[in-house]
Number of protein chains: 2
Amino acid sequence: MVKRTSHKDDPCPVARPLDAIGDWWSLLIIRDAFEGSRRFGEFQKNLGLAKNILATRLRNLVAHGIFTLEPCADGSAYNEYVLTDKGRGLFPLLVALRQWGEDYFSDAYEPRARLVDRQTGKPVRRLELRSDDGRLLKPEDTVVVGH
Amino acid sequence: MVKRTSHKDDPCPVARPLDAIGDWWSLLIIRDAFEGSRRFGEFQKNLGLAKNILATRLRNLVAHGIFTLEPCADGSAYNEYVLTDKGRGLFPLLVALRQWGEDYFSDAYEPRARLVDRQTGKPVRRLELRSDDGRLLKPEDTVVVGH
DNA sequence: AAGGGTGGTTGCAATATAAAACCTAGTTCG
DNA sequence: CGAACTAGGTTTTATATTGCAACCACCCTT
């Protein structure tokens with residue numbers, strides 16, 4: 001998939017996932033899935049990427065257990081790609097990416113998409129890292145241990 | 001940087017950041033910076049990537065305002081790469097990636113790196129998305145509006 | 001059974017990536 | 001002060017990935 005020797009053996013939990021989702025398109029495909037896409041054609045239409053690339057990515061994501069390929073729920077003979085729990089576990093990451101994008105990539109005039117609570121219609125809270133006892137943690141307040 | 005027509009014009013705040021950090025190495029470089037690396041050689045040693053690739057990535061990250069290139073703090077004539085606020089804003093994203101990696105890519109026997117609170121030494125809390133009024137939100141509880 | 005939509009695969013050309021050799025300016029040390 | 005060594009890259013050159021376009025098979029409708 002990726003040229004460089006994979007990070008399967010890298011003990012860091014940041015590095016290893018990149019085998020699965022470290023490329024340009026995978027995250028966008030997953031985001032699309034969170035917004036309701038399930039079929040090959042939907043992804044292709046929404047993202048506008050070449051079909052062979054999409055096929056490769058989806059194969060990879062299925063192989064990594066992020067999607068499963070299941071018979072279409074609507075009864076037709078086609079298949080659909082549905083997120084596994086592992087795939088759904090990427091939701092916070094997508095939200096983090098989105099919030100960062102909103103912070104630093106928004107043009108003032110152009111109105112942008114926002115993520116809102118379906119119940120109230122209000123924007124969601126900002127993601128933030130807290131300690132075990134609830135203090136807000138900045139990068140410097142943390143260390144990586146054990147590696 | 002990336003072949004495909006860039007996502008600068010994609011209104012989705014998930015897509016646009018990928019120009020800046022959507023490739024394999026950039027996130028690892030940024031993670032390394034959070035752990036204290038500042039000099040070219042440090043990054044290269046820790047990550048083990050080719051020097052031309054590292055140079056390209058760092059240039060790109062500087063161009064996107066994620067790092068600045070500053071004279072070395074220790075007085076030597078060399079430069080160092082230091083994270084801007086925008087770069088530091090990626091901390092939650094890195095944490096999200098790390099937590100996902102810990103959840104789904106850990107081998108049971110092999111002890112893995114963990115992110116802990118520097119003060120208490122205890123693992124940090126899990127990132128979670130909450131609504132304006134504090135309810136825990138699952139993917140289905142949210143919608144993207146305004147696009 | 002014919003025509004169109006769905007879900008891909010297979011060439012090929014263009015592009016990005018990786019490894020290694022090379023280069024230049026700072027630093028160290030005798 | 002000059003030689004050797006280090007940091008921080010740039011330049012080749014080979015290889016892998018990407019993207020487009022054409023093709024194909026299957027399902028579904030009429």
Side-chain angles (χ1 to χ4, degrees), chain A residues 1-10 15 18-29 32-33 36-64 67-82, chain B residues 1-10 15 18-29 32-33 36-64 67-82:
Chain A
M1 184 85 239
V2 128
K3 203 168 330 170
R4 185 187 182 293
T5 141
S6 95
H7 280 195
K8 281 218 168 49
D9 28 301
D10 188 324
L18 293 177
D19 265 348
I21 55 158
D23 71 281
W24 230 79
W25 288 111
S26 296
L27 270 182
L28 289 177
I29 293 170
D32 223 52
S37 293
R38 310 181 138 239
R39 308 257 300 243
F40 188 95
E42 285 183 283
F43 292 119
Q44 211 232 326
K45 181 155 157 291
N46 293 336
L47 301 174
L49 82 175
K51 297 205 286 181
N52 55 349
I53 304 293
L54 177 56
T56 305
R57 289 292 174 278
L58 285 172
R59 233 190 327 265
N60 183 49
L61 291 169
V62 169
H64 275 92
F67 284 103
T68 52
L69 192 50
E70 300 187 355
C72 235
D74 65 6
S76 90
Y78 297 115
N79 289 336
E80 58 185 16
Y81 295 88
V82 20
Chain B
M1 187 81 242
V2 128
K3 200 168 334 166
R4 185 186 183 297
T5 141
S6 94
H7 281 195
K8 279 214 168 52
D9 31 301
D10 188 323
L18 294 177
D19 265 348
I21 56 160
D23 71 282
W24 231 79
W25 286 112
S26 296
L27 271 182
L28 290 176
I29 293 171
D32 222 52
S37 292
R38 309 178 139 245
R39 309 256 301 242
F40 187 95
E42 284 183 282
F43 291 118
Q44 210 233 326
K45 180 154 156 292
N46 293 338
L47 300 174
L49 81 176
K51 298 205 286 182
N52 54 350
I53 304 293
L54 178 58
T56 304
R57 290 293 176 277
L58 286 172
R59 233 190 325 267
N60 183 48
L61 291 168
V62 168
H64 276 92
F67 283 104
T68 52
L69 191 51
E70 301 185 357
C72 236
D74 66 4
S76 91
Y78 297 116
N79 289 336
E80 59 186 14
Y81 294 89
V82 19

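Every chain is numbered from 1, with letters handed out A, B, ... down the list of sequences.
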Using a 4.0 Å heavy-atom cut-off, write out nucleotides 4-10 of chain C from 5' to 3' as B (base contacted by protein), S (sugar-phosphate only) or - (no contact).
-> -BSBBBB
Value in whole Å for how far the P atom of D:dA14 lies from CD1 of B:I53 | 17 Å
Can you check the B:F67 CZ to D:dG8 P distance for me, whole Å?
-> 14 Å
Interatomic distance, B:D23 CG vs D:dT17 P [rounded to whole Å] | 15 Å
With sequence neighbours left out, the residues meeting side-chain hydrogen bond (donor to acceptor under 3.5 Å, both in side chains) with A:S26 are A:D23
The residue among A:L58, A:T68, A:D32 that forms side-chain contact (heavy atoms from CB on, under 4.5 Å) with A:Y81 is A:L58
In whole angstrom, give the distance that lies between atom CD of B:E80 and atom C1' of D:dG9.
-> 17 Å
Could you give the CD1-to-C1' distance, from B:I29 to C:dT17, as a whole number of Å?
-> 14 Å
Answer whether the closest heavy-atom distance between the side chains of A:C72 and A:R39 falls below 4.5 Å.
-> yes
Please identify each residue that fulfils side-chain contact (heavy atoms from CB on, under 4.5 Å) with B:A50, with sequence neighbours left out.
-> B:N52, B:I53
Rounded to the nearest angstrom, tell me the gap between atom CH2 in B:W25 and atom C1' in C:dT17.
-> 11 Å
Separation of atom CZ in B:R57 from atom C1' in D:dG8, rounded to whole Å | 18 Å
Starting at CG of B:L47 and ending at C1' of C:dA18, how long is that distance when rounded to a whole Å?
-> 15 Å
Listed by chain and number, what are the side-chain contact (heavy atoms from CB on, under 4.5 Å) partners of A:R38, not counting sequence neighbours?
-> A:E42, A:E80, A:V82
Looking at residues at least two apart in the chain, or sitting in another chain, which of them share a side-chain contact (heavy atoms from CB on, under 4.5 Å) with A:K51?
-> A:F40, A:Q44
